[in-house]
J.: 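Let me begin by handing over the structure; questions about it come next.
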Number of protein chains: 2
Amino acid sequence: MIERRQTIQRDLVYKAVEELHNHPNAQEVYLKVKETHPRIGMATVYRNLNLLVEEEKLLKVPVSDGPDRFDATIIEHCHIQCIKCKRVVDIDYTPNMVKLMNACAKTGYTSISPNLVISGICPECQNKN
Amino acid sequence: MIERRQTIQRDLVYKAVEELHNHPNAQEVYLKVKETHPRIGMATVYRNLNLLVEEEKLLKVPVSDGPDRFDATIIEHCHIQCIKCKRVVDIDYTPNMVKLMNACAKTGYTSISPNLVISGICPECQNKN
DNA sequence: GTGCCTGCAAATGTTTTGCAAACCT
DNA sequence: AGGTTTGCAAAACATTTGCAGGCAC
């Protein structure tokens, strides 16, 4: 096990994701942290986002469109992404974990974490068209 | 509405995804098509994959790791990806669509297609460690 | 002091775009 | 003929990596 140190940058990256609370991507986290710590580099943001995901302090949300997004809410919940403006919001749905785990077991895979993303069109973009 | 023509390349891209049936990424589709049509370009593969997704003839599977993958099976089903070898296989689980749609409705989003991806470790990679 | 972490720059990898020629209808 | 589509190359993005110096412990 590698020693893991506490750094200002790591804290700031975590807090940025938490405060932005709208599933920011790395770019948005970078800009947020830059406000209070202008010398931070993009690589540091990526490195810390990945470390935090590994430590299960953050959730990586894979979306079918655009860069990966991050979420500080670790409890199980799902996401819907607008195919036009790419915005992501939470939805109040959790899969049936028993059925899910059984289905996984059949494949021989060891399941880790489910990630449900739905494509949709948000109210704003519906009105624009 | 834009006119859409039938081309050999489009057919080959679709058939490649269908025949590979293991959720290939663009690179793998490119190599498969190259076998019978060596002059095809990567850009053509990407353009046609995107067109086919738009026409709902293919499904884009957003994975949390690595390039996007494509699936010719349009009927609802979910996927599990190995975090080590990145392989993707189908799982026999479908979300409860009624609950899911209700949850979406609360957000005001118009739902299109759910896409559940689970992270796991495949049997082969479990044995390697 | 040791060795992980940072910031910079450069590399890598994926996907898109511009353009002239080729092709479908 | 006219407008899409192709193939190539280059551009645009997203993310990772190498390295010298800085910082946590």
Side-chain angles (χ1 to χ4, degrees), chain A residues 1-17 23-55 57-70 81 83-86 88, chain B residues 1-17 23-55 57-70 81 83-86 88:
Chain A
M1 192 78 88
I2 8 135
E3 189 195 345
R4 189 142 297 168
R5 293 175 183 174
Q6 185 173 33
T7 65
I8 292 171
Q9 290 87 342
R10 184 122 70 238
D11 282 359
L12 288 173
V13 165
Y14 178 77
K15 283 193 187 118
V17 177
H23 313 85
N25 56 35
Q27 187 71 225
E28 291 163 338
V29 174
Y30 172 69
L31 292 174
K32 178 76 179 174
V33 176
K34 231 172 156 51
E35 287 174 12
T36 57
H37 199 280
R39 289 186 48 75
I40 197 164
M42 196 61 173
T44 302
V45 171
Y46 272 104
R47 268 184 294 236
N48 282 314
L49 285 172
N50 287 335
L51 284 177
L52 290 163
V53 168
E54 203 178 287
E55 292 172 12
K57 298 218 179 77
L58 290 181
L59 203 66
K60 188 190 263 193
V61 183
V63 289
S64 55
D65 219 338
D68 289 336
R69 288 160 172 279
F70 297 87
Q81 179 181 41
I83 59 170
K84 303 214 174 197
C85 67
K86 320 297 184 206
V88 172
Chain B
M1 192 78 90
I2 8 135
E3 188 197 345
R4 189 142 295 167
R5 292 173 184 176
Q6 185 174 30
T7 65
I8 292 170
Q9 289 88 342
R10 184 122 70 239
D11 280 0
L12 288 173
V13 165
Y14 178 77
K15 283 194 188 119
V17 178
H23 314 85
N25 56 36
Q27 188 69 227
E28 292 163 337
V29 173
Y30 172 67
L31 293 175
K32 178 75 178 175
V33 175
K34 232 172 156 46
E35 287 174 11
T36 57
H37 199 281
R39 290 187 48 74
I40 197 163
M42 196 60 171
T44 302
V45 171
Y46 272 103
R47 269 184 294 234
N48 282 313
L49 285 172
N50 287 336
L51 285 176
L52 289 163
V53 168
E54 203 179 286
E55 292 173 11
K57 298 217 180 78
L58 290 181
L59 205 64
K60 188 190 265 193
V61 184
V63 288
S64 56
D65 219 338
D68 290 335
R69 289 162 170 279
F70 297 86
Q81 179 180 41
I83 60 170
K84 303 214 173 195
C85 66
K86 320 296 184 207
V88 172

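Predicted model only: the values in this text are computed from it and were never measured. Per chain, numbering begins at 1; letters A, B, ... match sequence-line order. The figures that follow rest on heavy atoms only: side chains count, while hydrogens, waters and symmetry mates do not.
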J.: Among residues 33-49 of chain B, which residues get a heavy atom nearer than 4.0 Å to DNA chain D?
T.: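 Nucleic-acid contacts, sorted: B:His37, B:Arg39, B:Ile40, B:Gly41, B:Ala43, B:Thr44, B:Arg47, B:Asn48.
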
J.: Rounded to whole Å, please give me the gap between CZ in B:Arg69 and C1' in C:dT15.
T.: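 These atoms are roughly 16 Å apart.
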
J.: Rounding to a whole Å, what distance do you find between B:Lys86:NZ and C:dG13:P?
T.: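 Taking NZ of B:Lys86 and P of C:dG13, I get 14 Å after rounding.
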
J.: Rounded to the nearest angstrom, tell me the gap between atom CD in A:Glu54 and atom P in D:dT16.
T.: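 Distance, rounded to whole Å: 12 Å.
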
J.: Please report the shortest heavy-atom distance between B:Val17 and B:Pro24, naming the atom on each side.
T.: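 Here B:Val17 and B:Pro24 meet closest at CA-CG, 4.1 Å.
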
J.: Can you check whether B:His23 reaches B:Phe70 side chain to side chain, under 4.5 Å on heavy atoms?
T.: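 No, every pair of side-chain atoms sits at 4.5 Å or beyond.
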
J.: What is the separation between atom CZ on B:Arg4 and atom C1' on C:dC23, rounded to the nearest whole Å?
T.: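 In whole Å, C:dC23 C1' and B:Arg4 CZ are 17 Å from each other.
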
J.: Using a heavy-atom cut-off of 4.0 Å across all strands, would you classify B:Gln6 as base, sugar-phosphate, or nothing?
T.: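 Contact class for B:Gln6: sugar-phosphate only.
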
J.: State which residues pass side chain to side chain contact (heavy atoms under 4.5 Å, CB included) with B:Asn25; sequence neighbours excluded, sorted by chain then number.
T.: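 Residues passing side chain to side chain contact (heavy atoms under 4.5 Å, CB included) with B:Asn25: B:Gln27, B:Glu28, B:Pro67, B:Arg69.
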
J.: Can you measure B:Asn25 atom CG to C:dT15 atom P for me and round it to whole angstrom units?
T.: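 Spelled out: CG on B:Asn25 to P on C:dT15 is 7 Å.
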
J.: Would you say B:Leu31 has more than 12 foreign heavy atoms packed within less than 6.0 Å of its CG?
T.: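 Check passes, neighbour count above 12.
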
J.: Which pairs, with at least one residue in residues 30-44 of chain A and sequence neighbours excluded, count as a side chain to side chain donor-acceptor pair (under 3.5 Å)?
T.: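 Listed once each, the pairs are A:Tyr30-A:Lys34.
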
J.: Expressed as a whole number of angstroms, how long is the span from B:Leu31:CG to C:dG13:P?
T.: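 Value for this atom pair: 14 Å.
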
J.: Might you work through the side-chain contact (heavy atoms from CB on, under 4.5 Å) test for A:Lys15 and A:Val33, ending with a clear yes or no?
T.: CA-CA 9 Å; A:Lys15 283 193 187 118; A:Val33 176; over 6 Å; no

J.: Check side chain to side chain donor-acceptor pair (under 3.5 Å) between B:Glu55 and all other residues, then give those that pass, not counting sequence neighbours.
T.: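 Side chain to side chain donor-acceptor pair (under 3.5 Å) check on B:Glu55 returns B:Arg4, B:Lys57.
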
J.: Ignoring hydrogens, what is the shortest heavy-atom contact between A:Val45 and A:Val13? Give both atom names and the distance.
T.: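 In this case the closest contact between A:Val45 and A:Val13 is CA-CG2, 4.2 Å.
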
J.: Distance from B:Asp68 atom CG to B:Leu59 atom CG, nearest 0.5 Å?
T.: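 So the gap between those two atoms works out to 11.5 Å.
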
J.: Enter the inter-axis angle for the ends of the helix from C:dG1-D:dC25 to C:dT25-D:dA1 (five pairs per end, rounded to 10°).
T.: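 For the helix from C:dG1-D:dC25 to C:dT25-D:dA1, the axes at either end differ by 40°.
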
J.: Donor-acceptor check, side chain of A:Gln81 to backbone of A:Val88, threshold 3.5 angstrom: yes or no?
T.: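 No.
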
J.: Between A:Arg5 (CZ) and D:dG22 (P), how many Å, whole number?
T.: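 To the nearest whole Å, that distance equals 15 Å.
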
J.: State whether A:Asn50 places a side-chain N or O below 4.0 Å from either non-bridging phosphate oxygen (OP1 or OP2) of D:dT16.
T.: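 Answer is yes, contact under 4.0 Å.
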
J.: Taking all heavy atoms of B:Ile40 and all of B:Gln9, pick out the closest pair and write down the distance.
T.: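 That closest heavy-atom pairing would be CD1-CG, 3.9 Å.
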
J.: Which residues in residues 7-15 of chain A have at least one heavy atom lying under 4.0 Å from any atom of DNA chain D?
T.: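 Nucleic-acid contacts, sorted: none.
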
